[in-house]
There are 4 protein chains.
Amino acid sequence: MPSQTFLNLPEEKRQRILNAAVEEFAKYSFNDVSIAGIIELAEIPRGSFYQYFSDLKDLYKYLFHTIAERKMVYLHRAMQNNPMDDFFETIKKLYVAGLQFAMDEPLLTKIASKFMKEKEDFRKEIVGSLEGSASDFYLKLLIASKEKGEIDPNVDLEMASFIFTTMNLSLIDYFLAKTQSNDLLKDKENLLNIVESMFYILTNGVKKK
Amino acid sequence: MPSQTFLNLPEEKRQRILNAAVEEFAKYSFNDVSIAGIIELAEIPRGSFYQYFSDLKDLYKYLFHTIAERKMVYLHRAMQNNPMDDFFETIKKLYVAGLQFAMDEPLLTKIASKFMKEKEDFRKEIVGSLEGSASDFYLKLLIASKEKGEIDPNVDLEMASFIFTTMNLSLIDYFLAKTQSNDLLKDKENLLNIVESMFYILTNGVKKK
Amino acid sequence: MPSQTFLNLPEEKRQRILNAAVEEFAKYSFNDVSIAGIIELAEIPRGSFYQYFSDLKDLYKYLFHTIAERKMVYLHRAMQNNPMDDFFETIKKLYVAGLQFAMDEPLLTKIASKFMKEKEDFRKEIVGSLEGSASDFYLKLLIASKEKGEIDPNVDLEMASFIFTTMNLSLIDYFLAKTQSNDLLKDKENLLNIVESMFYILTNGVKKK
Amino acid sequence: MPSQTFLNLPEEKRQRILNAAVEEFAKYSFNDVSIAGIIELAEIPRGSFYQYFSDLKDLYKYLFHTIAERKMVYLHRAMQNNPMDDFFETIKKLYVAGLQFAMDEPLLTKIASKFMKEKEDFRKEIVGSLEGSASDFYLKLLIASKEKGEIDPNVDLEMASFIFTTMNLSLIDYFLAKTQSNDLLKDKENLLNIVESMFYILTNGVKKK
DNA sequence: CATGAATGAGCTTTCATTCAT
DNA sequence: TATGAATGAAAGCTCATTCAT
């Protein structure tokens, strides 16, 4: 909740501040980011910071929710296209959308990734009401899918949703790590291949049948 | 490389220091742990710390390698039993051993888990020679297993090893998270069930056949 | 390069800080001066120091250049008067000007004198571009003077410039040392006598002719 | 005054300690030398230091007097040879002997040179009874020489002795500075030339006659 | 005597936050 | 509102000196 003052700021200045914050939060974990660092990058006076935000956490919250919103756009877009896809197709599209976001906005993704590694208390404090976790979302999809007979009845759905959640995050981390050194991953073709090979395993398992 | 002085310390005092360090490193990421915090917990004077360790990193390295060693005992024990197990059985046992360690030593496990979330540069600095990552280890097992015809030839082995690595870590994190609030997980029976349901999915996939 | 903040400080406070620094640097060699000592003398809080200077060296540099400038005023004044003086007259005036400065600003002179005794690396770091040493300056004068036939052709000019440089500094040190206990030296008459008797030797030698 | 314990030490160990001290004191001014540094170089335990010396100053004093003694050997040797030399010859030989010592024992000379740059209080404390300064020594020679009619009666003898003292020290510093980069100075021929050209000036002056 | 562990004082530096203009 | 100066708490590290064995 930045002050109205901040929201009224001329676009250019507001962006300068946000960009500075993004740069810092993409580089360091929350506790290692200093107000000093941000105001220096943003080239704003010390006092101004406190006029705009009550706190570093205040700024972080705002940033985080902005990022979440932006990512949601990608995810919604991915799901709207074809509401008749089966479970696997849906999830795959979500994965790809997530990676696409990572490709388009690596810094924001980095922040989100760092966020997932923060302490749970901190995360709860930032997110506020835990508005339906990703895991719950997958679980609902799985239940629906099971009713349609797409899912092996021996599968523990909670575990499955845990796996899909985890692998999604890991894939993004993997992508961020590789993207720095190597840019082979930067073409979308390759991205799809990776998701495909992951899904082959998650849907069929690794065991020879 | 703590000083000989530290190693010569009376058991009780040495443990007090190590326990203090464990407590702090289990609670905070490396950068958020302060020497001040540790010496206060351990009730040793400021100067003594520097007589024992050159640095916070010095202490951390020592701690980390101690933990790694201790965990290795669990893993080796798990593998020695039955060298004739197939791939799935082997991995399953490793997972269980990892969880067993987490159950016996939740704080140490927490430190190890936090370690995995540190920046790569830092990790490299601590580990020194990157002595064959977990992922490489799984890959070798998978290749051997494939040659024995246990693995679906359509499976991308690199991806599979990535998944097995990731899930192992995630499972441990999951366990640590749950273990704090809820202690239903604390009996071994339950542990095995969790691993089983995960392996069902990783071996057979979630799709109905 | 002190911060603008420092330069904007109210005269009184700025002087208090500078005076404190002068007092300390006149008393101790650079390495033995502590920020702690200065802020206590100046009665400013710890944090303020760092708002004004990045470093002790930063303050020292500023101080040193201020002193150099102030001394230059004396030296220039001494030389402007009579550009037609011969070599001996010129140098003599420089010596006297130097001593005059020492008389007017004994603390600043003390700092300059201490500076000359620091390690060469340090000196270079402070001065920056070694803008033509005193020795070079004397050498040029000597060469010009030789051409005018004022100098004994048997004299090694480099050695002569070395001697004039050295004696200048030593004279100032001598003056500083004596000035503390004894204030007979404090009248200008005496000062001139000293310089005269030194010059008699440097120009004519000690040997009976 | 090191303890008898120190003096009884096996030669090898005593030398190790003294060499370590020499190395440190040749590198840093007294205040910047740490006991820590010396015991590390000497590889002796912390406690031992205090068994041998009450203090860093204690060690320094001992070292300093050792050096002074050693240098005296050179100076006495220089003077004994030819008691019939005139003033100029005598002084010249002393200068050369000093430089010879600097050539043979650069580290010890460095320490002596650093000593001259210490605060006067400190110097007095180390030397103890100011047992006849170099300047007094030159003064006596000059007086004797004047009686023999070798000295220009217009010369202020105090000033002359000051000059001879100062130039001697400066010459040694100059030699030490040059000796590090350039070893042209290291042959004795050159050394003599330098002293000669200095003496030409000090005896005859720079003025054309 | 030799040893080396214990200790705390003292220094530098960073930073979040408050406040006055 | 914008600004940036003031401030002191807190951390890391070094070292001389004392002491117990």
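In what follows, chains are A, B, ... by sequence order, proteins preceding strands, each numbered from 1. Every value quoted in this text rests on a predicted model; they were computed, and no experiment measured them.
- With hydrogens and angles ignored, the 3.5 Å screen pairs a side-chain donor or acceptor of D/Thr109 with a backbone N or O of D/Glu105.
- Residue B/Phe53 contributes atom CZ, which lies 16 Å from atom C1' of F/dG12 at whole-angstrom precision.
- Rounded to whole Å, the distance from CZ on D/Arg14 to C1' on E/dC1 is 17 Å.
- Rounded to the nearest 0.5 angstrom, D/Glu12 CD and D/Ile17 CD1 are separated by 9.0 Å.
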#### Entry: Pairing string, 5' to 3', for DNA chain E - Watson-Crick or wobble contacts under 3.5 Å, brackets [ ] where pairs cross, | to another strand
.||||||||||||||||||||
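- Of the candidates D/Phe64, D/Phe122, D/Phe115, D/Phe122 is the only one forming a ring-ring contact (aromatic ring centres under 6.0 Å, His included) with D/Phe30.
- When the P atom of E/dT12 is taken as reference, atom CD of C/Glu24 falls 11 Å away, rounded to whole Å.
- If you take CG of A/Asp58 and P of E/dA16, they are 15 Å apart, rounded to a whole angstrom.
- In this structure, A/Phe6 and A/Tyr52 have tilted ring planes: the angle between them lies in the 30° to 60° band.
- Note: C/Leu108 CG to C/Lys110 NZ = 12.5 Å, rounded to the nearest 0.5 Å.
- The side chain of A/Thr5 has F/dT1 as its nearest neighbour among F/dC13, F/dT7, F/dT1.
- Using a distance-only test at 3.5 Å, with no hydrogens or angles considered, a donor-acceptor pair links the side chain of C/Arg123 to the main chain of C/Glu118.
- When distances are taken from the side chain of B/Gln51 to each of E/dT7, F/dA6, F/dA2, the shortest belongs to E/dT7.
- Rounding to whole angstrom units, OH of residue D/Tyr52 and P of E/dG4 are separated by 11 Å.
- As a whole-Å value, the separation of B/Lys57 NZ from F/dG12 P is 13 Å.
- Remark: the backbone N or O of B/Tyr28 is not paired with any side-chain donor or acceptor of B/Asp32 at under 3.5 angstrom.
- Going from atom CG of A/Leu18 over to atom CD of A/Glu11 covers 9.0 Å, rounded to the nearest 0.5 Å.
- The closest donor-acceptor contact from the side chain of B/Lys119 to the backbone of A/Lys27 lies under 3.5 Å.
- For the pair A/Tyr50 and E/dT17, the criterion of a side-chain N or O lying under 4.0 Å from OP1 or OP2 is met.
- At whole-Å resolution of the value, CZ in A/Phe6 and C1' in F/dT1 are 15 Å apart.
- Sorted by residue number, the members of residues 28-49 of chain C with any non-hydrogen atom under 4.0 Å from DNA chain E read C/Ser34, C/Ile35, C/Ala36, C/Arg46.
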